[in-house]
Amino acid sequence: VFTMPNADTAGRIVAANIRQWVQSHLSVAIDNLGLEAYHSVMCRAAAVVGNSSSGIVEAPSLKTPVVNIGTRQTGRIRARNVIDVGYGRGEILQAIRTATSKEFRNSLETLVNPYANETGSAASVILEALKNVPLDDSLIRKKFFDAGKPRR
């Protein structure tokens with residue numbers, strides 16, 4: 001199952017290549033699965049392969065292996081389900097073999113998602129933060145900073 005790329009640089013080129021590939025292979029390309037179907041597919045996938053943030057942020061909760069291609073997600077915290085590779089065909093194939101191996105999948109049984117809190121829900125953290133926000137006009141008042149007199 002291929003989920004189509006978004007509007008990032010070269011997204012149209014990648015989408016065209018995917019659509020061409022699926023015509024002659026036993027696979028499907030879907031523009032947007034929706035959240036529930038996407039998570040359902042992801043939890044049953046042998047691995048997530050690509051450069052999507054969902055591989056970094058959501059896949060650890062489902063204990064799904066990820067082959068993260070390239071540098072798009074540089075700087076993000078990663079769980080141990082993520083295998084980072086460059087753009088070379090050989091290294092991508094090797095990472096897919098590793099990610100789909102029984103040993104690697106078994107090693108993810110105790111995986112903890114670094115993006116989830118203790119309860120597995122961000123709602124309680126957000127609620128606590130909002131309780132401390134002062135409810136006055138400072139939330140809507142624009143703030144300007146004088147950068148000095150304009151030059152002539």
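In this text, all values refer to a predicted model and were calculated from it rather than measured experimentally.
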Inset, instruction - Mark yes or no for whether R78, through its side chain, and R76, through its backbone, hold a donor-acceptor pair below 3.5 Å. - result: yes
Legend entry - Backbone of E36 reached by a side-chain donor or acceptor of S40 within 3.5 Å: no
Legend entry - Q20 side chain to N17 backbone, donor-acceptor under 3.5 Å: no
Legend entry - Interatomic distance, I18 atom CD1 to T3 atom OG1 [nearest 0.5 angstrom]: 7.5 Å
Legend entry - Set of residues satisfying side chain to side chain contact (heavy atoms under 4.5 Å, CB included) with respect to S52, sequence neighbours excluded: Y38, S54
Inset, instruction - Examine distances only and state if a side-chain atom of R105 and a backbone atom of A46 form a donor-acceptor pair shorter than 3.5 Å. - result: yes
Legend entry - Backbone of F104 reached by a side-chain donor or acceptor of S101 within 3.5 Å: yes
Inset, instruction - Using atom types as modelled and distance alone, determine if a side-chain donor or acceptor of N68 lies under 3.5 Å from a backbone N or O of Q73. - result: no
Legend entry - Check: V85 main-chain N/O paired with E91 side-chain donor or acceptor under 3.5 Å: no
Legend entry - Backbone of A47 reached by a side-chain donor or acceptor of T64 within 3.5 Å: no
Legend entry - Side chain proximity check, T110 to K63, heavy atoms < 4.5 angstrom: no
Legend entry - Any V41 side-chain heavy atom under 4.5 Å of L33 side chain: yes
Legend entry - Residues in salt bridge (charged side-chain N to carboxylate O under 4.0 Å, His left out) contact with D31, at least two apart in sequence or another chain: R19
